Amino acid sequence: YVMNETGRIWVGSSYSNIGRPWNFGQFQKPCLPGTLLALDKSDISGIAFSNPTIVSRQISKMANSNDDYGILTGNWSGDFSGGTNPSDWNGSVEIMNKYWKSGEPVNFGQCWVFSGVVTTMCRSLGIPCRSITNFESGHDTDVSTTIDFCFDMRTRRQIQQLSDSVWNFHVWNEVCIKRPDLPPGYDGWQVIDATPQELSEGVMMCGPCPVKAVKEGDIYIGYDTPFVFAEVNGDKVYWWVDLKAMTMVPFKNDIAAVGKFISTKAV
């Protein structure tokens, strides 16, 4: 399964979605050199290359260009002049080839493109990896593990600056590795995410976070588990905010709105 050079990445919504064909092409010429070029620009070296926990974390960092001239530049503005519309990519090989030849970030990517490239990078190194799509995906910005929506109690208008968000879908990756750095029982599939959303240790990267820890609510196990937990299982909490008194009062809580139809290519 993880040797396959082609697959599908799910996009759309929980009630209307498709699996986009994607050419991972991990055995094609530019993919391994491009991956190694990106890792050479990271802060990993020497014996750390033998540790898949460290390597997969660095891959989640180096697949985006936010910190270290990584592979892809994210763009959600709708203006893709000066690059390729993310929807026009159908595989990783062309992206990896552009990066390998120029050493410069490739324009542009969104979550499913980042995920496709990460799958290629991991598989080219021999790390089992798959793309994962979460529909109605929460984006927690303050490590509260809830998806908060704040409203001015006087104007009844939403305060965007204080509110989190829910995306129709979000795509990340899972790698299957051992975790000797964690207590026993947390080996296996681990979430990593290259889409630049929130800082982890001051850098745009995420994971690896054990899927078991997310499922069982062990949010203090692994890397960035509270953030991943909120993406798939955070309550949507609605607040009245008194901006003068600086107080907040919850008035609605939806425990089932986030994390729908989590999907990946079957074996």
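The structure presented is a predicted model; accordingly, all values stated were derived computationally and were not measured.
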A.B. asks: Quiz question: by atom type and distance under 3.5 Å, do the side chains of S77 and N75 form a donor-acceptor pair?
C.D. replies: yes

A.B. asks: If we ignore angles and hydrogens, is there a donor and acceptor under 3.5 Å between the side chains of Q158 and S163?
C.D. replies: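 There is such a pair (donor and acceptor under 3.5 Å, judged by atom type) between the side chains of Q158 and S163.
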
A.B. asks: Side chains of T141 and D164: do they bring a donor and an acceptor to under 3.5 Å?
C.D. replies: yes

A.B. asks: Please report the C-alpha distance between W89 and W22 in whole Å, then the side-chain angles of each, then the deciding distance to 0.1 Å, and finally whether the side chain to side chain contact (heavy atoms under 4.5 Å, CB included) criterion is met.
C.D. replies: CA-CA 9 Å; W89 298 115; W22 194 266; 3.7 Å; yes

A.B. asks: Tell me, please, whether F151 has R157 positioned over its six-membered ring: NZ or CZ under 6.0 Å from the ring centre and within 45 degrees of its axis?
C.D. replies: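 Geometry flag: not set, cation outside 6.0 Å or 45°.
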
A.B. asks: Under a single-linkage definition using a 4.5 Å side-chain heavy-atom cutoff for Ile, Leu, Val, Met, Phe, Trp and Tyr, are M205 and V117 assigned to the same hydrophobic cluster?
C.D. replies: no

A.B. asks: More than 12 foreign heavy atoms under 6.0 Å from CZ of F251: is that the case here?
C.D. replies: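 Yes.
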
A.B. asks: Can you measure from CZ (F24) to CZ (R130) and round to the nearest 0.5 angstrom?
C.D. replies: 12.0 Å

A.B. asks: Step by step, work out the side chain to side chain contact (heavy atoms under 4.5 Å, CB included) result for M121 and M96.
C.D. replies: CA-CA 9 Å; M121 296 174 73; M96 298 301 290; 4.2 Å; yes

A.B. asks: Taking 4.0 angstrom as the limit, do D67 and K61 come out as a salt bridge?
C.D. replies: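 A salt bridge is absent here (no side-chain N lies under 4.0 Å from a carboxylate O).
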
A.B. asks: Mark yes or no: R156 above the aromatic ring of W240, with NZ or CZ under 6.0 Å from the six-membered ring centre and no more than 45 degrees from the axis.
C.D. replies: yes

A.B. asks: With no hydrogens and no angle check, do the side chains of S13 and N17 hold a donor and an acceptor under 3.5 Å apart?
C.D. replies: no

A.B. asks: How about T133 and S263: does a side-chain donor come under 3.5 Å of a side-chain acceptor?
C.D. replies: no

A.B. asks: How long is the gap from CH2 on W112 to CD1 on I9, to the nearest 0.5 Å?
C.D. replies: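 Rounded to the nearest 0.5 Å, the CH2-CD1 separation comes out at 10.0 Å.
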
A.B. asks: Do I221 and V228 land in one hydrophobic cluster if side-chain heavy atoms of ILVMFWY residues count as linked below 4.5 Å?
C.D. replies: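 Hydrophobic grouping puts I221 apart from V228.
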
A.B. asks: Can a side-chain donor-acceptor contact be found between N173 and S115 if the only test is distance below 3.5 angstrom?
C.D. replies: yes

A.B. asks: Hey, are D148 and Y238 close enough side-chain-wise for a donor-acceptor pair under 3.5 Å?
C.D. replies: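 Short answer, no.
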
A.B. asks: Judged by modelled atom types alone, do S131 and R8 share a side-chain donor-acceptor pair under 3.5 Å?
C.D. replies: no

A.B. asks: If the threshold is 4.0 Å, N to carboxylate O, is there a salt bridge linking K252 and D235?
C.D. replies: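 Here K252 does not pair with D235 in a salt bridge, since their nearest N and O are not under 4.0 Å apart.
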
A.B. asks: Given P208, which of I192, D224, V191, I54 fulfils the side chain to side chain contact (heavy atoms under 4.5 Å, CB included) condition?
C.D. replies: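 Of the listed options, the one satisfying the test is I192.
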
A.B. asks: Sort out for me which residue in E174, R179, K212 forms a side-chain hydrogen bond (donor to acceptor under 3.5 Å, both in side chains) with Q190.
C.D. replies: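 With Q190 as partner, E174, R179, K212 yield a single side-chain hydrogen bond (donor to acceptor under 3.5 Å, both in side chains), made by R179.
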
